[in-house]
Amino acid sequence: MPYTPSLDVSSMDKSVDPCVDFYQYSCGGWQKNNPIPPDQTSWSVYGKLYQDNLNFLRGILEQAATPSDDRDALTQRIGDFYGACLDESTVERRGLASVQPDLDDISHLNSAKEVTPLVARLQFTYGRTMLFSQGSTQDPDDSEQQIAEVDQGGLGLPDRDYYTKDDVKSKEIRERYVVHVQKVFELMGERSDTAKNDAGTVMRMETALAKAQLTRVDRRDPYKLKHKMKVAELSQIAPNFSWQAYYKDLQYPNFEILNVATPDYFKEVNAQLTSEPVANWKTYLRFHVVDSFSPYLSSKFVDENFEFYRKYLRGAKEQQPRWKRCVQYSDRNLGEALGQIYVQKVFSPELKASTLDMVQRIEDAMGQRIRDLDWMSSETKQQALTKLAAIRNKIGYPDKWRDYSSVVIVRDDFTGNVERARQFEVRRDINKVGQPVDHGEWYISPPTVDAYFSPQMNDINFPAGVLQPPLYDAKLDDAPNYGDTGGTIGHELTHGFDDEGSQFDARGNLKDWWTKEDREKFDARTKCVDDQYSGYVAVDDVHVNGKLTLGENVADLGGEILAYIAWQGKTKDMHLQPVDGLAPEQRFFIGFAQWDCANERPEDLRVRAMTDPHSPAQFRINGVVVNMPEFQQAFQCKAGQPMVAPPDKLCRVW
Ligand SMILES: [Zn+2]
C-alpha cells in the first residue's frame, strides 16, 4: 500500500485563515492536488485509500486467479470469481442468457396469484429490487433473537423522494429515468414504441409504490419501523399476496412473529396486485431483473447502467476499468474470503493492539464525559454508563470467518457465480430466523474503508481497511491520529447515544432508559445541531437535511470532543513540542480535518443530499469546530469569526 501521512502539511492552504474556513485551511492544498478522477463520482482521502485498497486487492486476486494445482479452496474461489469477471468475451457472448430463464418465467405469468411464488424465487437473486425486501433482523424487543422481517423496496431511483418532489430538477431526473427504462427494454429487444409504453408502466407503478414508502427521515425513528405481528395479520394487511405460500417457497424456518417494517407499503403492494393487470406485472418484473443485473451482463447493459446511474445521476465522466469493477464485485460477493488474505498482509497484531488501546481510551473519555455532563440527571447517567460498558469493540476482522464452502465458483460463468454467491447470502440470512444472535458477525468486509455502530448489537466495528494510513498512521504521533481515527472511534461510540441510537438500551433493545426531563433536554440539544446543519447549503439551492443527517452530525461533534479528551489524557505528561510550526493542539485539529479532504461533484452532492445521512465534507469539519472552544483556543480565533459559534448558537450534546 502506498504511504501518505495522517497529517500532510502540503495538503494545507496556509493562505486561508483557519478561523475563517478551517476546512479550506487544512484541505485546500489537497483539493488542488487531487482533482476528481474521471471514473469517480467524488474524490476524498477515504476515496483515495479505497482506490489504493482496490489496487492492493487486485494483486491478491490476480495471484489467486493464476491457475495452479496447489491453490487451496479459498484461493480457487476468489481467484476464479475474479478471473471469470475479467473474461469479458464470455460475458459478452452470453448477453442476456443468464437471466433468460427468469425472464421466461415472468413471461409465463398468468394471474396475480402467481406473482407470489415468482417474487419469492426472484428475490433470491435480485433482492430488494423485487418489490420488497425480506430476511432476518434482530427482534427490537429482544435483541438476542433473530426474527423475520419484510420492508419496502422495489424502486429503480435511489430514494422514494425522487418520485414525489415537484422541483424542476426532480422532474428532469424522472424524465431521464423513464428514458433509461425505455432503453433497457429496447436493449432486451423491444420495439421503441412498446418500450416507451412499458417504461411508462414501470414509472407509474413505482410512483405509487414510492408514495406509500416511509421517508429516510421517518426511517430514523425505530418506532416507526416496528410492527411485530403474525403472518395471519400480515395477510390481513395484504391479502392478495399469499404469505404462507411465500414463506414456504423461501423455506423459512418455522416462526411465530415477524416484523413488518412498513405496513402501509404492503397495503399499496396489495392494492396494485388487483389494480394492475398481470401484463403490467410482467413489465415491472422484467425491467427490474435486467436493470438490477445490468452491471454483470454484456457491455450494452453495462454501458446503459453506467450512463444513467453513475454518469447522469452522480456525475462520473468515465466508466471504471473492468478490473476495478471486478475487484469490487469480488469484495461484495465473497468479502470474507478475500478479506482473510487481505488482513494477513496488512493487519498485524501490533496494529490491532494499538487501535484497541485507542478505543479503550476513547471509551474512558466517554465515561468521564457522561459523568461530567451538567444537564443530565444521575439516574440517566447511570443508565448511559451501563450502556457504554456493554458496547462490544470489534477491530480488524471477524474471529470466525464465513464459510463459503457451499458456494460453487467456476472460471467460465461470471453471472452464475454472482447468482450463487447472492443466493448463499440470502439463504444464510433466512436461516438466522429463530436462532440466537451471533455477536461475532460483521456487516461489512475487512477491506472496507468504513466503520459502523449497530444499535441492536450495541457494538462498534472497525475493519482493517479503515485502520490504514493516512487514517490511522502508526508512523506518526498521537496528535493527528487521535484527531483522525480517535475522532472516528468517538464518532461510532457517540452513535450509541445519538437521536436514534439513544433509544436502544445496553442490550440493544428498543427501550426507553431516559427520564422524561433528560430526554427533553437532550432533544433541545440535538435540535441545536439540526438547526445548525439545516442552514448549510449542500449544492445549488439544496440545503443539508438537518433531520436526515442529525445522527451523523451529533456523532461527528461528540466523537471529536471525546478524541480530544482522550488525547489530552494520554499525552498530559509528554511536554509536546510544535512540529512544522504547528502547536500540538493545532496538529490534532488538522489531523481531524484531513480525514475528510475531498472534491465533490455537484451531481453527487445532489444525490447524497437526498440519500446520505452524512453531511458534505466541509460541514463535517467546519460544523464541528465551530462548536469546540478547544479548537478556537488552539487557533486563537475571536468571537465573531466564522469558525466561532455565538454563545447562544453553540451546540454541545455529549
Ligand atoms: Zn456515522
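Counting starts at 1 for both ligands and their atoms, following the listed order. By convention here, the first residue in the shown sequence is residue 1.
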Under 2.8 Å from the Zn ion (ligand 1), can any N, O or S atom of Glu492 be found?
no

For Glu552, the N, O or S atom at the shortest distance from the Zn ion (ligand 1) is OE1

Please answer whether the main-chain N or O of Glu149 pairs with a side-chain N or O of Gln134 as donor and acceptor at a distance below 3.5 Å.
no

Is Lys394 close enough and on-axis enough to Phe462, meaning under 6.0 Å and within 45°, for cation-pi?
no

Applying salt bridge (charged side-chain N to carboxylate O under 4.0 Å, His left out) as the test, list every pair that has at least one member in residues 353-370; sequence neighbours left out.
Asp357-Arg361

Metal site the Zn ion (ligand 1): N/O/S of His495 inside 2.8 Å:
yes

Would the number of heavy atoms belonging to other residues, nucleotides or ligands and lying under 6.0 Å from CG of Asp372 be above 12?
yes

